[in-house]
Amino acid sequence: MTEPTALHDPIAAEAHAATARPAAVAVVVPTFNEAPNIGPLVDRLERVLAGRQWEVVFVDDDSADGTAAVVQALARDNPRVRCLLRLDRRGLSRAVIEGILSTSAPLVAVMDADLQHDEAILPRLLEVLDAGQADVAVGSRYTEGGGVGAGFGAQREAMSRFATWLAGTVLRVRLRDPMSGFFALRRDLFDGVMRRLSGEGYKILLDILASAREPLRVTEVPYQFRPRVAGESKLDSAVAWEYALLLIDKRIGRWVPVRFVMFALVGASGVLVHLAVLWALFRGMGEKFAAAQTIATLVAMTSNYALNNVFTYRDRRHRGLGWVWGLLTFYAICGLGVIANVGVASALFDRSNEAWLLAALAGALVGTVWNYGASRVVTWRRA
Ligand code: GDD
Ligand code: MN
């Protein structure tokens, strides 16, 4: 006469126990086309995290291979598994940030989905935090006992070491593997830095460490970086560029937006392009000055547009017809920029003829700021 309730049915009871108590540890895993790796990773987490209240949050950027569907299928049977799906967005760091924000667990671990990070050290990372030994526990390839194995290649290893050295220039803590994507930290600590994170690129640990007001206490736990078995690496040639943006942002982002710096650098290159074309047409080929100047201006604007499109606004890059339309809006904006530039410069020049150089620079600055602001909201507005 008694119905099996959650208390009597052992399977239901276990499922109930898993959800009844909130997770004490959340593992945040960014994914992009990792479908075959999800199941094996969850199995391994089950093994190494047995005895803890944990959950895993997969943050998927709408992978074409159906990663999110695989996660959701698992999540229907396993309350520890969660899927956070992001649409129309890409980016490893921001995916991790949103994954952390989505959980309330007081301890958070971050790791890759592709089984390259050795989950066996997860308990060790968490113990370091439990014991209050450090604020952040980092899985490290470059401390005694760690390594990158054979699959890494001499070139990638050299690049990784150079990037590590560069990281030291923005960090106040010494660590051997600041580029690691495998680490654990206390949630309250993350809350303290989250509004200062730049979110650029893929080096989220570096971002967190460099964003802290006080130097954080870090402990490194060695592990062997494993070769990837299924799927492929998403880190392409843009990675070095995104890394540079992150470092620049950490250095000067408080004062000037890093994109403005990029935009101004591209603008400076445009001045050189302009002068080169002018020189070639006017001096070299004997064109009329006005014609040469017009062509040089167009070439410089086009080159500025193309460079900004590839570097400054890589994440919002135009292609195909959109590229042409973007170029036309850029011409229009720069046209107005010239008017602003000349207007300001002439007004200053009228006040004091001596300060002609200052007047010219002020005009150029106003023109650049206008071009930057206007092209940001028109040419490269967020989709
Ligand atoms: N959501 C999301 N969005 N996930 C992404 C994106 C993205 O745009 N790009 C990559 N990922 C996921 C991948 O699916 C994988 O789970 C993880 O982020 C790492 O990407 P990989 O493409 O495998 O990078 P890697 O192996 O070359 O480098 C990784 O390991 C290094 C050593 O720890 C990264 O984590 C590096 O940051 C790290 O230094
Ligand atoms: Mn990988």
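Whatever order the structure lists ligands and atoms in, that order sets their numbers, starting from 1. We use all heavy atoms of the structure for the numbers below, so side chains are in, but hydrogens, waters and symmetry mates are not.
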Give the atom numbers and elements of ligand 1 that come within less than 4.0 Å of a heavy atom of Q116.
23 (O), 26 (O)

Quick check on F58 - does any of its heavy atoms sit under 4.0 Å from an atom of ligand 1?
no

Is the side chain of R317 donor-acceptor paired with the backbone N or O of W323 at a distance under 3.5 Å, no angle test?
no

Heavy-atom proximity to atom 11 (N) of ligand 1, picking from L41, L92, T164, points to L92

N/O of F225 under 3.5 Å from N/O of ligand 1, yes or no?
no

Could you tell me whether D61 and ligand 1 have an N or O pair separated by under 3.5 Å?
yes

Below 3.5 Å, N or O to N or O, backbone or side chain included: is there any such pair between D114 and ligand 1?
yes

Ring pair (Phe, Tyr, Trp, His ring centres under 6.0 Å), paired with W380, selected from Y372, Y305, W325
Y305

Do any N or O atoms from the side chain of K203 and from the backbone of M179 form a donor-acceptor pair under 3.5 angstrom?
yes

Which N, O or S atoms belonging to the protein are less than 2.8 Å from the Mn ion (ligand 2)?
D114 OD2, Q116 OE1

Could you tell me whether M179 and ligand 1 have an N or O pair separated by under 3.5 Å?
yes

Between the side chain of S63 and the main-chain N/O of D65, is any donor-acceptor distance below 3.5 Å?
no

Give the atom numbers and elements of ligand 1 that come within less than 4.0 Å of a heavy atom of E34.
13 (C), 14 (O), 15 (C), 16 (O)

Do any heavy atoms of R94 fall under 4.0 Å from ligand 1?
no

Flag this pair as yes if the NZ/CZ of R90 is under 6.0 angstrom from the six-membered ring centre of F32 and inside a 45 degree cone about the axis; otherwise no.
yes

So does R228 pair up with E34, basic N to acidic O under 4.0 Å?
yes

Element-labelled atoms of ligand 1 that are located less than 4.0 Å from some non-hydrogen atom of H117
30 (O), 32 (C), 33 (O)

If I apply the N/O under 3.5 Å rule, does A95 come out as touching ligand 1?
no

Who passes side chain to side chain donor-acceptor pair (under 3.5 Å) against Q224, sequence neighbours left out?
none

Ignoring hydrogens, just give me the one of P30, P178, P227 whose non-hydrogen atom is nearest atom 16 (O) of ligand 1.
P30

For atom CE of M159, decide whether the heavy atoms of other residues, nucleotides or ligands shown that lie under 6.0 angstrom number more than 12.
no

Out of curiosity, R186 CZ to D191 CG, how far, rounded to the nearest 0.5 Å?
10.5 Å

Residue-ligand contact R141/ligand 1, heavy atom below 4.0 Å
yes

Under 3.5 Å, which donor-acceptor pairs link side chains of residues 342-366 to any protein atom two or more places apart or in another chain?
from : atom 1 : to   : atom 2 : distance (Å)
S346 : OG     : V342 : O      : 2.5
S352 : OG     : A355 : N      : 3.3

Could you list the atoms of ligand 1 found under 4.0 angstrom from a heavy atom of G91?
3 (N), 7 (C), 8 (O)

Within a distance under 4.0 Å of any heavy atom of Y202, pick out the atoms of ligand 1 and give their elements.
37 (O)

Those residues at least two apart in sequence (or on a different chain) that pass side chain to side chain donor-acceptor pair (under 3.5 Å) with D43 are none

Which ligand 1 atoms are under 4.0 Å away from a heavy-atom of Y223?
33 (O)

A113: numbered ligand 1 atoms lying under 4.0 Å from its heavy atoms
16 (O)

Can you check side-chain contact (heavy atoms from CB on, under 4.5 Å) on S303 and L307, steps first, answer last?
CA-CA 6 Å; S303 123; L307 289 174; 4.3 Å; yes

For R82, does its backbone N or O pair with a side-chain atom of E55 as donor and acceptor, under 3.5 Å?
no

Just wondering, more than 12 heavy atoms not from R259 lying within 6.0 Å of its CZ?
yes

Give a yes/no on ligand 1: does R86 have at least one heavy atom closer than 4.0 angstrom to it?
no

Residue R228 vicinity, atoms of ligand 1 by number, heavy atom under 4.0 Å
21 (P), 22 (O), 23 (O)

Pairing of E119 and R44 as salt bridge, 4.0 angstrom limit
yes

Checking the N or O distance criterion of under 3.5 Å, is ligand 1 in contact with K203?
yes

Is it true that R89 and D61 make a salt bridge, defined as a side-chain N closer than 4.0 Å to a carboxylate O?
no

